[in-house]
J.: 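Before we start, here is the structure in question, set down as structure tokens.
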Number of protein chains: 2
Amino acid sequence: MAGKDIQTEIHIRETAKKIFFKEGRFNATTQEIANEAGVNRALIHYYFRSRDLLFEAVLKDGIDMMHVKIQSIMATDISFREKISRFIDLVTQEALDFPYLETFIITALNEKEQSLILNSFDKIKTEVVDVFAPKVEAEIALGTIEPITATQFMINLLSLCTYPVVSKALIQKVFDLNEEAFRQLILERKEIILNILLKKKAIE
Amino acid sequence: MAGKDIQTEIHIRETAKKIFFKEGRFNATTQEIANEAGVNRALIHYYFRSRDLLFEAVLKDGIDMMHVKIQSIMATDISFREKISRFIDLVTQEALDFPYLETFIITALNEKEQSLILNSFDKIKTEVVDVFAPKVEAEIALGTIEPITATQFMINLLSLCTYPVVSKALIQKVFDLNEEAFRQLILERKEIILNILLKKKAIE
DNA sequence: AAAATATTTAACAAAAATGTTAATCAAAAA
DNA sequence: TTTTTGATTAACATTTTTGTTAAATATTTT
């Protein structure tokens, strides 16, 4: 519906991303996607050839979103603590916007060993291994964080930020939280995560 | 194939669980499940009526597995630290055995607001809210852990243990790890997680 | 062993989903 | 304005998947 001015192809793509990343309806049919985009189903084939290729296109977008996210903390010239701080904000915000993005990527990766997609991952790998890891090691040398491998540090960071959102449905059921209570809980986590990852003296 | 002696119904169920929880093939057809169980597809309908009901049965089993897991640390009469320690072992082991269990539950919850299933969750809720939360608060009073709400403490624990396994495929790609390297990484996490969650003085 | 019941199978039917085509409509180029 | 090209549609065809049935086989009961 959004706009006839907008390119149909992009509009279909964005609708699919909404359905997959925001709503987590991974089994949505081409008909459902077309309906929600307000277009004829045949247009999906016209622009993407097949359901599978639309799926791939969306997956690639998803991985690129992750890449941008990770890159954005590496790029800017700010202190390590500030980097982590902004990263938490970013991941939290994106996770609230697209709670099913990671789950989608995980299940999709499992179904198809996409050749196309591997490039996107290489970019993330470079960013993480070549750019971020040395910075973590430098911080350990400075004594601002506990000795730990860069990999484990990254995993701690991602775990603490991402898991609660990935398992949103589960947490809401177990802890009996409505939408707003859940949102609050997630936002409260920033300070908690910073306290865990960075030494006290580095914070004060 | 496993065994003709084994009850067919259970065998189908176990095969489905293997496909869903271990292999993460959430879109497996009834034909694929039947093939892998070595039975005629019609038997799935004979025992479960429909694909959907098999799906539900498996989901219920999955949630019960989570429940047992959580309950097992509450039940035994051991120190708080020991509880956490055993919990990490348990979650780690189960996560390595059934890496897609949580993801399955999350996506399934999203698709159907199962009425049957809600009971299973209530049991988990009781365990967590009524049994575990007071213990966390007691530990805070004792000064063995940092002041934090019981909910956030639980979420930290679950995040640090579960996320790396849930996002296994992702982590393996980003950090370029083969099966064994991944396994090692996960096992190394126990000490890291304990250090994060419990104060140093409580550990030594 | 015969009868009754439960399990398993193959063959069929129905439904759901994807993919294709040719005709229509709209926009841009000639 | 006609021609040409690109976008959109409806109608159809194919494939995939699920669900049903009645017959065949095995198992249990009498």
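By convention in this document, chain letters (A, B, ...) are assigned in the order of the sequence lines, proteins followed by strands, and residues within each chain are numbered from 1. Computed from a prediction, not measured in an experiment: that's the story for all the values here.
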J.: Please work out whether the ring planes of F104(A) and F21(A) are parallel, tilted or perpendicular, with thresholds of 30° and 60°.
T.: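 Perpendicular: the ring planes of F104(A) and F21(A) meet at over 60°.
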J.: Given dT18(D), dT9(D), dA10(C), identify the nucleotide with an atom nearest to the side chain of R51(B).
T.: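 Given the options dT18(D), dT9(D), dA10(C), the side chain of R51(B) is closest to dT18(D).
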J.: For L54(B) and dT18(D), what is the distance between atoms CG and C1' respectively, to the nearest whole Å?
T.: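 From L54(B) CG to dT18(D) C1': 13 Å.
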J.: Mind running ring-ring contact (aromatic ring centres under 6.0 Å, His included) on F55(A) and F20(A) for me, showing each step along the way?
T.: CA-CA 10 Å; F55(A) 208 80; F20(A) 294 142; 5.5 Å; yes
J.: Using a 4.0 Å heavy-atom cut-off, does Y47(B) contact any base of the nucleic acid, only the sugar-phosphate backbone, or nothing at all?
T.: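 Since only primed, P, OP1 and OP2 atoms lie under 4.0 Å of Y47(B), the category is sugar-phosphate.
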J.: Round to the nearest Å and state the distance from H45(A) atom NE2 to dT18(C) atom C1'.
T.: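 Atom NE2 in H45(A) sits about 5 Å away from atom C1' in dT18(C).
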J.: In residues 26-34 of chain B, which residues come under 4.0 Å of DNA chain D by heavy atom?
T.: T29(B), T30(B)
J.: Among dT9(D), dT18(D), dT20(D), find the nucleotide with the atom closest to the side chain of L43(A).
T.: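 Taking heavy atoms from C-beta onward, the closest nucleotide is dT9(D).
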J.: Answer with yes or no after comparing the ring centroid distance for F80(B) and F87(B) against a 6.0 Å cut-off, counting only values under it.
T.: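 No: the rings miss the under 6.0 Å criterion.
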J.: Do K190(A) and S85(A) have side-chain N/O donor and acceptor atoms under 3.5 Å apart?
T.: yes
J.: What is the distance, to the nearest angstrom, from the CG atom on D52(A) to the C1' atom on dA17(C)?
T.: 13 Å
J.: Rounded to the Å, how far apart are Q7(A) CD and dA27(C) C1'?
T.: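 Rounded to the whole Å, the gap is 14 Å.
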J.: When the distance from CZ of R49(B) to P of dT20(D) is rounded to whole Å, what number comes out?
T.: 8 Å
J.: Considering only side-chain heavy atoms of Y46(A), which listed nucleotide, dG6(D), dG19(C), dT9(C), is closest?
T.: dG6(D)
J.: Rounded to whole Å, how long is the line connecting atom CD of E9(A) with atom P of dT8(D)?
T.: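 Rounded to whole Å, this separation is 11 Å.
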J.: Separation of R41(B) atom CZ from dT20(D) atom P, in whole Å?
T.: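 Whole-Å distance recorded here is 11 Å.
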J.: In plain terms, say whether E179(B) and K168(B) are close enough for a salt bridge, that is, a side-chain N and a carboxylate O under 4.0 Å apart.
T.: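 Yes, this pair counts.
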J.: Just compare dG19(C), dT8(C), dG19(D) and give me whichever is closest to any side-chain atom of S50(B).
T.: dG19(D)
J.: Return yes if a side-chain donor-acceptor contact under 3.5 Å exists between E146(A) and N195(B), otherwise no.
T.: no
J.: Is the shortest side-chain N to carboxylate O distance from E82(B) to R86(B) below 4.0 Å?
T.: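 Salt bridge between E82(B) and R86(B), a charged N being under 4.0 Å from a carboxylate O: yes.
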J.: Provide, to the nearest angstrom, the distance between the CD1 atom belonging to I44(B) and the C1' atom belonging to dA10(C).
T.: 16 Å
J.: When you measure from the side chain of A42(B), which nucleotide among dT8(D), dT9(C), dT9(D) comes out closest?
T.: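 Nearest listed nucleotide: dT9(C).
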